[in-house]
Number of protein chains: 2
Amino acid sequence: MILEELRRVDSHPSADELYLMVRRRLPRISLGTIYRNLDILTEAGEIRRIDSGSTLKRFDGTTAPHHHIRCVRCDRIADAHIEVKIDIDERIQRLTGFRILGHHVEFLGLCPRCHTQPAAQPSLAPEIPTAPVTRT
Amino acid sequence: MILEELRRVDSHPSADELYLMVRRRLPRISLGTIYRNLDILTEAGEIRRIDSGSTLKRFDGTTAPHHHIRCVRCDRIADAHIEVKIDIDERIQRLTGFRILGHHVEFLGLCPRCHTQPAAQPSLAPEIPTAPVTRT
DNA sequence: TTGAATGCAAAGTATTTGCAGTTTG
DNA sequence: CAAACTGCAAATACTTTGCATTCAA
């Protein structure tokens, strides 16, 4: 049922948000169970855990390869369904000695809501956009 | 002095590791001060905060544009000094409604150490980052 | 009936914050 | 001296875990 709820939305809820969602259908469920099943589902490859932004982790019901865009102000995450060509994995492998398993592009920006409201929020994202904007 | 220590290494220490490093020179410094200054330095654009992997955040003394590669097993981070061409910011902007500020590519893989040791470790010692994992 | 899954609460990890004392210009 | 900074400890935010209980095959 956790999986169902996660697949039902196209947002990227945190464990806590999912807890609230699932609890509407399963009022006695506990947060611990949410976390435990989120782990299981992640390891089973049914969902994706998104580690970025704040310490809080978000989850993605879609495992199909796609990238994300994160609002540097409110931490909201949206999907960036766009194809990015990166075929330099082998080179990185040589340069770093790592065995590369994959890669993920994260775009940073301001979501429509934060973009419109110029007023400062409780905590302005202290983050400076990390990305080099390389042009072709 | 925090900045000095961070710039001295080419690893990506956590606040706690930095605390241990700095404390060798400033024995009375507190963790709170480390965090506070790390925030200031990040907002000033002197360093970069890396949000990925575990809940723990790591810091990068280099602000020059580059990407990272993270070991999915031990969470170690190395630099991927390689140019990635991405020329689709405007398209993402249209598709998502976000105002794009930048992007960052994260490669995932196994670091040389974890790659060699197939056995799973309970919790890899969070060694003080003096030894660089890789150099470029 | 037995192993797996759960609720609950306590513990754990990483980070932030209040405050009084200290330093700096 | 005022403003900024610090140590310390308490507080916070999120996640994990132990254990007794419940569930399902």
Side-chain angles (χ1 to χ4, degrees), chain A residues 1-6 11-44 46-60 70 72 74-77 120-127, chain B residues 1-6 11-44 46-60 70 72 74-77 120-129:
Chain A
M1 206 162 284
I2 293 171
L3 182 56
E4 268 179 39
E5 285 297 315
L6 183 51
S11 61
H12 303 76
S14 63
D16 198 66
E17 287 165 347
L18 224 15
Y19 171 54
L20 294 176
M21 291 162 66
V22 174
R23 209 164 50 155
R24 292 201 292 254
R25 296 169 62 186
L26 243 49
R28 289 188 47 74
I29 200 169
S30 74
L31 235 198
T33 298
I34 298 284
Y35 276 108
R36 272 186 287 236
N37 284 287
L38 248 16
D39 270 2
I40 292 168
L41 289 169
T42 302
E43 283 188 52
E46 290 292 324
I47 65 176
R48 278 217 268 163
R49 185 200 311 267
I50 306 174
D51 321 297
S52 90
S54 71
T55 44
L56 179 151
K57 284 176 198 299
R58 301 188 162 280
F59 295 85
D60 190 334
R70 170 164 61 91
V72 297
C74 74
D75 220 54
R76 192 187 320 270
I77 289 176
Q121 230 91 13
S123 76
L124 268 189
E127 187 161 332
Chain B
M1 205 163 287
I2 293 171
L3 182 56
E4 267 179 39
E5 286 296 315
L6 184 51
S11 61
H12 303 77
S14 64
D16 197 68
E17 288 165 345
L18 223 18
Y19 171 54
L20 295 176
M21 291 161 64
V22 173
R23 210 166 49 157
R24 293 201 291 254
R25 296 169 61 186
L26 242 50
R28 289 188 47 75
I29 201 171
S30 75
L31 235 197
T33 298
I34 297 285
Y35 275 108
R36 273 186 285 235
N37 283 287
L38 249 15
D39 271 1
I40 292 169
L41 289 168
T42 302
E43 282 189 53
E46 290 292 324
I47 66 178
R48 279 217 269 162
R49 185 200 311 267
I50 307 174
D51 320 298
S52 90
S54 71
T55 43
L56 178 152
K57 284 178 199 299
R58 301 188 162 281
F59 295 86
D60 190 333
R70 169 165 63 93
V72 294
C74 73
D75 221 54
R76 193 187 317 272
I77 289 176
Q121 223 106 359
S123 75
L124 276 188
E127 68 186 67
I128 302 178

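Numbers restart at 1 for each chain; the letters A, B, ... are given by sequence-line order, proteins then strands.
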Problem - Sub-4.0 Å heavy-atom contacts from residues 19-29 of chain A onto DNA chain C, ordered by number - result: A:Arg28, A:Ile29

Practice task
With sequence neighbours excluded, tell me which residues meet side-chain hydrogen bond (donor to acceptor under 3.5 Å, both in side chains) with A:Asn37.
Solution key: none

Fill in the blank from the handout: Contacts satisfying salt bridge (charged side-chain N to carboxylate O under 4.0 Å, His left out) that involve residues 35-44 of chain A (not counting sequence neighbours) are A:Asp39-A:Arg49

Practice task
For A:Arg24, enumerate each residue passing the side chain to side chain contact (heavy atoms under 4.5 Å, CB included) test, keeping only those at least two apart in sequence or located in another chain.
Solution key: A:Arg8, A:Met21

Problem - Residues which pass salt bridge (Lys or Arg N to Asp or Glu O under 4.0 Å) with B:Arg25, listed by chain and number, not counting sequence neighbours - result: B:Glu4, B:Glu5

Protein-nucleotides 21-25 of chain D N/O pairs under 3.5 Å:
none

Problem - Length of the line joining A:Ile34:CD1 and C:dA9:P, which is rounded to integer Å - result: 17 Å

Exercise for the section: Can you sort out the partners of B:Asp75 under salt bridge (Lys or Arg N to Asp or Glu O under 4.0 Å), two or more places apart, ordered by chain and number? Expected result: B:Arg70

Exercise for the section: For A:Ser30, enumerate each residue passing the side-chain hydrogen bond (donor to acceptor under 3.5 Å, both in side chains) test, keeping only those at least two apart in sequence or located in another chain. Expected result: A:Thr33

Completion exercise
Applying side-chain hydrogen bond (donor to acceptor under 3.5 Å, both in side chains) to B:Tyr19 and not counting sequence neighbours gives B:Arg23

Practice task
Using atom CD of A:Glu17 as one end and atom P of D:dT15 as the other, report the distance to the nearest whole Å.
Solution key: 10 Å

Practice task
Produce a footprint string for nucleotides 11-25 of chain C: one letter per nucleotide, 5' end first; B if the base is under 4.0 Å from any protein heavy atom, S if only the sugar-phosphate is, - if neither.
Solution key: ---SBBBB-------

Completion exercise
Separation of D:dT6 atom P from B:Ile2 atom CD1, nearest Å, is 7 Å

Handout entry: 4.5 Å side-chain heavy-atom contact, B:Leu6 and B:Pro13
Key = yes

Exercise for the section: Please list, chain by chain and in numerical order, all residues satisfying side chain to side chain contact (heavy atoms under 4.5 Å, CB included) with A:Thr55, sequence neighbours excluded. Expected result: B:Lys57

Completion exercise
Sorted by chain and residue number, the side chain to side chain contact (heavy atoms under 4.5 Å, CB included) partners of A:Leu3 (sequence neighbours excluded) come out as A:Arg7, A:Leu41, A:Glu46, A:Ile47

